[in-house]
Number of protein chains: 2
Amino acid sequence: MTAERLVVIGGDAAGMSAASQARRLKGPEELSVVAFERGHFSSYSACGIPYWVSGDVAERDDLIARSPEEHRARDIDLRMRTEVTEIDVAGQRVRALDRESGETYWTGFDKLVIATGARPVRPALPGMDAAGVHGVQTLDDGQALLNSLDRAPGRRAVVVGAGYIGVEMAEALLKHGFQVTVLNRGEQPMATLDPDMGRLVHDAMDGLGITTVNRAEVTKILTGADGRVTAVATDDASHPADVVVLGIGVEPETTLARAAGLPVGPHGGLLTDLSMRVVGHDNIWAGGDCVEVLDLVAGRTRHIALGTHANKHGQIIGANVGGGYGTFPGVVGTAVSKVCDLEIARTGLREKDAHAVGLRFVTATIESTGRAGYFPGAQLMTVKMLAEYRTGRLLGVQIVGRDGAAKRVDIAAVALTAGMTVEQMTVLDLGYAPPFSPVWDPVLVAARKAVTAVRRAGTA
Amino acid sequence: MTAERLVVIGGDAAGMSAASQARRLKGPEELSVVAFERGHFSSYSACGIPYWVSGDVAERDDLIARSPEEHRARDIDLRMRTEVTEIDVAGQRVRALDRESGETYWTGFDKLVIATGARPVRPALPGMDAAGVHGVQTLDDGQALLNSLDRAPGRRAVVVGAGYIGVEMAEALLKHGFQVTVLNRGEQPMATLDPDMGRLVHDAMDGLGITTVNRAEVTKILTGADGRVTAVATDDASHPADVVVLGIGVEPETTLARAAGLPVGPHGGLLTDLSMRVVGHDNIWAGGDCVEVLDLVAGRTRHIALGTHANKHGQIIGANVGGGYGTFPGVVGTAVSKVCDLEIARTGLREKDAHAVGLRFVTATIESTGRAGYFPGAQLMTVKMLAEYRTGRLLGVQIVGRDGAAKRVDIAAVALTAGMTVEQMTVLDLGYAPPFSPVWDPVLVAARKAVTAVRRAGTA
């Protein structure tokens, strides 16, 4: 019996988790595993790049979970700097281009995993390719940015975009002594929050000395005689810049998959079933930043580029490819971040998400502290909760604060997964001791207020 | 129409929350509220006493959530230093003793709330009443201990008991410059954990310079000529002591209720229904440290003295007394604590609890970090998980570690409440960003290992 061949496209979280898990379940005599990665690095934490740029994480290699050599030592034929340029679904083969030698070749597969990730959104504006303009998607990007910071003629930085990457990069640049301006297209920074909660982030960024310009539409990158960036123009202003960081977001990298006729969803990501198999294809799986996932609260697919999902997808794909079993039911949309000591968290639906899917809801917003109010170091946090009209089912939670604010969102993430009502949440048995929580945890306080809002709305 | 009369016995968390909530729902023309408190203080955080003794919390009054005057300003007739000495259930009246004047009188009630709290366990050993021997149950106890620390002839302290109060007091005494010995009856400190997890607490206490003596049965308190404690004797040793703190635990204070013929359970606490009404009595409620609560995982009642439950009980009783509605379904047994920077958390069942109720289970223990491993400040935490044999239902979680270990137990507390399996937990959408979690949260890592353990056990 010859071994089955598994081909993996993409050597990062989803792809290599799938490869590793499949390898754990089946030895080389049963399964051969070939993985293609077009870049220089395998299995690294893209989410860690802002913290490497900031200097919090000392070395680039700290972000690499497993090197190509380590993968190879586990009998995974990982081919670096090799790009898959075509998927022949019917012929069960992929065409690879060795970017070092320029050589092209076809490789057959019995099973295929597509883990091509996401690519940064880069608007087609004049000057986007100027020296000093940087994305922060890959380790190469991070290194280029670090080099650029050293060479920057002055200390003015402009960050385009005020989402997770944008605010994290604002912090990183601040730590390098830059004067930082964040240009934000939306009403408030952190568009993953409702504007009233984003406002709190804005205020905190002000307090840190970060200038945030809202409703700013970038029109042009201005450059000097040397071709290096000098300023970023918006529709109504010009912001001097010695370095520009693009943190506008990402979209699924599905060029290959589309060309091969595989199904993509409304957000451009591959569509899979619960076992992470590409819809309509028994021997092709996909996971990580290139797929859409089911939002369990909204009942729709979304695109979320996040390492924790990519790792879960990979693990589940590997189990299924390797003869085990696993499913990915979906997400509730949890995300946490920080800018300096301000913690930002969300899960479930924002107001506009709920509107968009036809859910009627009430909101409740409260202020409390992460520790007992009398305990030293207790600091304010704001919790906003959305609950469905009439049923009182939890729909979403947003938290902005310090001192243990971010991970408190996990309480709501589990409650959302379980379909709890806010009334059920008011009696959750959460950990209480003065150094860790007030006697009513802030999430419980928000739930109590939401119960009252549901009741009032029901009698209105 | 004359107002109904609500009588509340006990002026702390459960009693005054009930009184306040009832008052919020009904004005004085509908409901008169009389509350009796035998001590000097109302509505204070007993859980905060160790942190006041340690000096973390500066002032005693910081622990008082609401003073008697504040309660009275809200139309609650709170009578301090007044002890209820008898409940006449049939006659719907209580007898009160004014401890200042010595006067005794009867007060009638339409509705009664019993919130008599818990009393510390004090074994009847020689010398227990010596000078320098202190409980830490009340604010008066805390003040007496603080005075005693100033007067202590030396700097050797013995803490009897290694539960929450014991380890918290060990930390407090350490901060006062005492050499601290903890005498522990059990196999390891923190008997609310399994011994393998308690061992980690023991090791950390060693590292902090706290001496822990396990399997130590105190036989006698030794005193000097001046009547002050000099040492604590156990069955096989004598431990010199300039001050002794008793942290042996508490039991429900139900003397009054028993004398009145009200039903108590196997742990000595009052038995209530879901609305917190005393079983068999339509007009009597009870809550807080004097009741037993349903353990939703074990399917049995337990006694848990914890401010967060007392506040919930009070709120629910107040709602029901005031014409609203609320129920307390039970607890899953969540508790968090710390000794210096070591965080300790548990929820659900320990191994012996599961055995005791006839549950067969598997365990999984993992080590991980609270942040991404490469993130500065990442420190180890150990997570132990119990899952039911065959079904894989989560039964309990214990966490010992630093840096965000304690409140992670809330994830498990919600999952227990929802009756999730460990397999369901592996795909929970928990907050991930390098400063807050590895890409696989430690709870997810434990769940994955537990899934494997369940599967293996099932095929054995």
Side-chain angles (χ1 to χ4, degrees), chain A residues 13 45 47-48 51 56-57 62-63 65 164 306-309 311-312 315-316 327-338 343 345 347 372 374-376 404 406-411 413-420 424 426-437 439-441 448, chain B residues 13 45 47-48 51 56-57 62-63 65 164 306-312 315-316 327-338 343 345 347 372 374-376 404 406-411 413-418 420 424 426-437 439-441 448:
Chain A
S45 169
C47 320
Y51 305 101
D56 286 323
V57 174
D62 292 343
L63 300 182
Y164 294 104
L306 201 57
T308 187
H309 299 325
N311 273 277
K312 288 192 187 91
Q315 205 269 336
I316 287 161
T327 59
F328 187 79
V331 304
V332 292
T334 311
V336 296
S337 187
K338 74 179 190 76
E343 303 183 9
T347 190
Y374 57 78
F375 201 85
K407 280 293 268 179
R408 260 190 176 78
V409 83
D410 286 346
I411 297 163
V414 185
L416 276 172
T417 306
M420 285 186 182
Q424 288 174 312
T426 62
V427 285
L428 282 173
D429 186 2
L430 304 180
Y432 161 62
F436 300 112
S437 173
V439 71
W440 290 96
D441 189 278
R448 286 174 66 184
Chain B
S45 169
C47 320
Y51 304 101
D56 287 323
V57 174
D62 293 342
L63 300 182
Y164 294 104
L306 200 57
T308 187
H309 300 324
N311 273 277
K312 289 191 186 93
Q315 205 271 336
I316 287 161
T327 60
F328 187 78
V331 303
V332 293
T334 311
V336 297
S337 187
K338 75 179 191 76
E343 303 184 10
T347 189
Y374 56 78
F375 202 86
K407 279 294 266 180
R408 262 189 175 79
V409 84
D410 286 346
I411 298 163
V414 185
L416 277 171
T417 307
M420 285 187 183
Q424 288 174 312
T426 61
V427 286
L428 282 174
D429 185 3
L430 304 180
Y432 161 62
F436 299 113
S437 174
V439 71
W440 289 97
D441 190 278
R448 286 174 65 184

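Every chain is numbered from 1, with letters handed out A, B, ... down the list of sequences.
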Is any side-chain heavy atom of [X] closer than 4.5 Å to a side-chain heavy atom of [Y]?
X: B:Thr426; Y: A:Lys312; answer: no
X: B:Asp410; Y: A:Leu428; answer: no
X: A:Thr417; Y: B:Val414; answer: no
X: B:Trp440; Y: A:Thr308; answer: no

Could you grab the distance from atom [atom1] of [X] to atom [atom2] of [Y], nearest 0.5 Å is fine?
X: A:Ser45; Y: B:Phe375; atom1: OG; atom2: CZ; answer: 10.5 Å
X: B:His309; Y: A:Asp429; atom1: NE2; atom2: CG; answer: 4.0 Å
X: B:Ile411; Y: A:Ile411; atom1: CD1; atom2: CD1; answer: 8.5 Å

*Examine whether an atom of B:Ala345 lies under 4.5 Å from a heavy atom of chain A, and if so say whether it belongs to the side chain, the backbone or both; otherwise answer neither.*
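When you check distances to chain A, no heavy atom of B:Ala345 falls under 4.5 Å.
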
_Taking side chain as everything from C-beta outward and backbone as N, CA, C, O, which of these in B:Gln424 sits under 4.5 Å from a heavy atom of chain A? Side chain, backbone, both or neither._
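B:Gln424 has no heavy atom closer than 4.5 Å to chain A.
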
Between [options], which has the largest tally of heavy atom pairs under 4.5 Å with chain B?
options: A:Val409, A:Leu63, A:Leu306; result: A:Leu63
options: A:Ser337, A:Ala433, A:Gly431; result: A:Gly431
options: A:Ala335, A:Gly307, A:Ala413; result: A:Gly307

*Minimum heavy-atom separation for A:Pro434 to B:Cys47, with atom names?*
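Answer, listing the atom of A:Pro434 first, then B:Cys47: CG-O, 3.5 Å.
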
*Do you know which two heavy atoms are closest between A:Ala418 and B:Ala418, and how far apart they sit?*
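Scanning both residues, the minimum pair turns out to be CB-CB, 3.4 Å.
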
*Which of the residues B:Pro435, B:Gly48, B:Ala406, B:Ala415 is involved in the greatest number of heavy-atom pairs with chain A at under 4.5 angstrom?*
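Most heavy-atom pairs under 4.5 Å with chain A: B:Pro435.
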
Is chain B contacted by the side chain of [X], its backbone, both, or neither, given a heavy-atom distance below 4.5 Å?
X: A:Ser437; result: side chain
X: A:Phe436; result: both
X: A:Ile316; result: side chain
X: A:Ala372; result: neither

*Run the salt-bridge test on A:Lys407 and B:Asp441 with the 4.0 Å N-O cut-off and return the result as yes or no.*
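Salt bridge: yes.
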
*Partner residues of A:Asp56 under the salt bridge (Lys or Arg N to Asp or Glu O under 4.0 Å) criterion, sequence neighbours left out*: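 Listed in chain order: A:Lys175.
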
*Taking A:Asp62 for its side chain and B:Tyr374 for its backbone only, find out whether a donor-acceptor pair lies under 3.5 Å.*
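No, because the side chain of A:Asp62 does not come within donor-acceptor range (under 3.5 Å) of the backbone of B:Tyr374.
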
